[in-house]
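Accompanying notes for the structure given below.
These figures come from a predicted structure and were not determined experimentally. Just so we're on the same page: letters track the sequence lines, and every chain starts at 1.
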Number of protein chains: 2
Amino acid sequence: MSKPVQPKSKDTSTEEKIIEAARKVFMQKGYAATRTRDIAEEAGINLALLNYYFRSKEKLFEQIMLEKFRQLFSVIFPIVNDDALTLDEKIEILVENYISLLIENPELPLFVLSEIRVNPERFKVRLQIPDLLRNSSLVRQMREKRPDVEPVHFITSLLGMTLFPFVAKPVLFSEYPGFNALMQERKALITGWIKAMMEMK
Amino acid sequence: MSKPVQPKSKDTSTEEKIIEAARKVFMQKGYAATRTRDIAEEAGINLALLNYYFRSKEKLFEQIMLEKFRQLFSVIFPIVNDDALTLDEKIEILVENYISLLIENPELPLFVLSEIRVNPERFKVRLQIPDLLRNSSLVRQMREKRPDVEPVHFITSLLGMTLFPFVAKPVLFSEYPGFNALMQERKALITGWIKAMMEMK
DNA sequence: GTCTATACTACGATAGAC
DNA sequence: GTCTATCGTAGTATAGAC
């Protein structure tokens, strides 16, 4: 019932070892296909201990999910709402930071999207991305520059060009050797394209 | 061991009822979270009969998966390889057809991507999309027009701008009322943008 | 072909010793 | 805090009657 107190903790704490293992296994197989036994084995502990620390598979998963969700969206908000940045700067930084993050964590977006897909109501409350974007500095700047086009179209294109290659990686780039280099190269391309799209009448 | 022969078949055959139910439940929950009992119930039959027709959950799933996979990619290949079409025509038709398909089947791409993600080796053999695209008429035309940019960048952008909104729908557009209208409107935008991207030096 | 009943296994979770 | 052993259940699949 009560939170367990930190154990002796030599190298990494047991709790952290479990989290680490859960990260790996959940990310690989998804929630439904993951067995708590796999996580315990991966962590080098046993099943009972996992339940001692986290009470249930579901509770453990929610921690991982929240962490991954934050990781995926923390890139956006600080930039999107920063009034000190011009529209062009926002675009540059967004693309740069996102692709860098995704090169390090290529499975991140598809993992999050997949889990939300099969359990939308469970994660609905926490995330109101559309609302958070709607009155952002970015949207205001876009509307000012291009009152004739819904800002959502520009944002969707930016995110699509940036995130989609990683989302589609298992299908389109599974054996692609130069994928990361290609994504690096893509930063400048996307930035240029988006800027041009916003000029085009 | 042997394939069951068609039953009396009044309205829809039992086999078709099961397939129909499997489509619905698998698409909704994904393979791992789906219980064969759910499918049986949805089909209005019982569990034993499902196994009589399809031998196992896995076999049934593979049929659905193959069907959905084809649905998702059948849009691409006829167009991409048609030498009679100009580059601009290919772009127009691809975007038009894809968005129309996805408005009718919004969950299609994320379903396929999610299942391949958690089981890449199982579906790897059947699908060599990259190879199929590599020497296509589309890629040749792109290389001719723009020898300085990898065609994969244009293709990824086209697919990203087109597919991404549907892939991200559970997160970005879950409560968005005018989503379909927005996607309709998007057809012309994407087409124009891609053409412009290919002109930009 | 279709049903009921059941075998069998796998999984999540807990009891209880240390 | 960590383990072994086990309970309870839910899930796939099959046997066998009709």
Review point. Do other residues, nucleotides or ligands put more than 12 heavy atoms under 6.0 Å from A:N135 CG?
Key: no
Within the sub-3.5 Å range, which N or O atoms of nucleotides 13-18 of chain D have a protein N or O partner, and how far apart are they?
from   : atom 1 : to    : atom 2 : distance (Å)
D:dA13 : OP2    : B:K57 : N      : 2.9

Check your understanding: Rounded to the nearest Å, what distance is computed from the OH atom of residue A:Y53 to the C1' atom of nucleotide D:dT2?
Key -> 9 Å
Point to revise | Distance-only polar pair, side chains of A:K57 and A:T34, donor-acceptor under 3.5 Å | key: no
Study note, to complete from the structure: To the nearest angstrom, the CD1-P distance between A:I45 and C:dG12 comes to 13 Å
Practice item. Indicate whether the side chain of A:K90 and that of A:S137 have a donor and an acceptor atom separated by less than 3.5 Å. Key: yes
Review point. Do the side chain of B:E67 and the main chain of B:E62 share a donor and acceptor less than 3.5 angstrom apart?
Key: no
**Study point:** Quiz item: cation-pi between B:R122 and B:Y31, 6.0 Å / 45°
**Key:** yes
Revision key, fill the gap. note: A:D38, atom CG; C:dC11, atom P; distance rounded to Å ~ 7 Å
Point to revise | Results of salt bridge (charged side-chain N to carboxylate O under 4.0 Å, His left out) for A:E41 - residues two or more places apart only | key: none
Point to revise | Rounded distance (Å) that lies between atom C1' of D:dC3 and atom CD1 of A:I18 | key: 13 Å
Practice item. Take the protein atom CZ of A:F54 and the nucleotide atom P of D:dG1, then report the distance between them rounded to whole Å. Key: 12 Å
Check your understanding: Which of the following nucleotides, D:dT2, D:dC3, C:dG12, is nearest to the side chain of A:N46?
Key -> D:dC3
**Study point:** Distance, rounded to the nearest Å, where B:Y31 contributes OH and D:dG11 contributes P
**Key:** 14 Å
Practice item. Starting at atom CD of B:E41, determine the distance to atom P of C:dT4, rounded to an integer number of angstrom. Key: 13 Å
Check your understanding: What's the CZ-P distance between A:F61 and C:dA13, to the nearest Å?
Key -> 14 Å
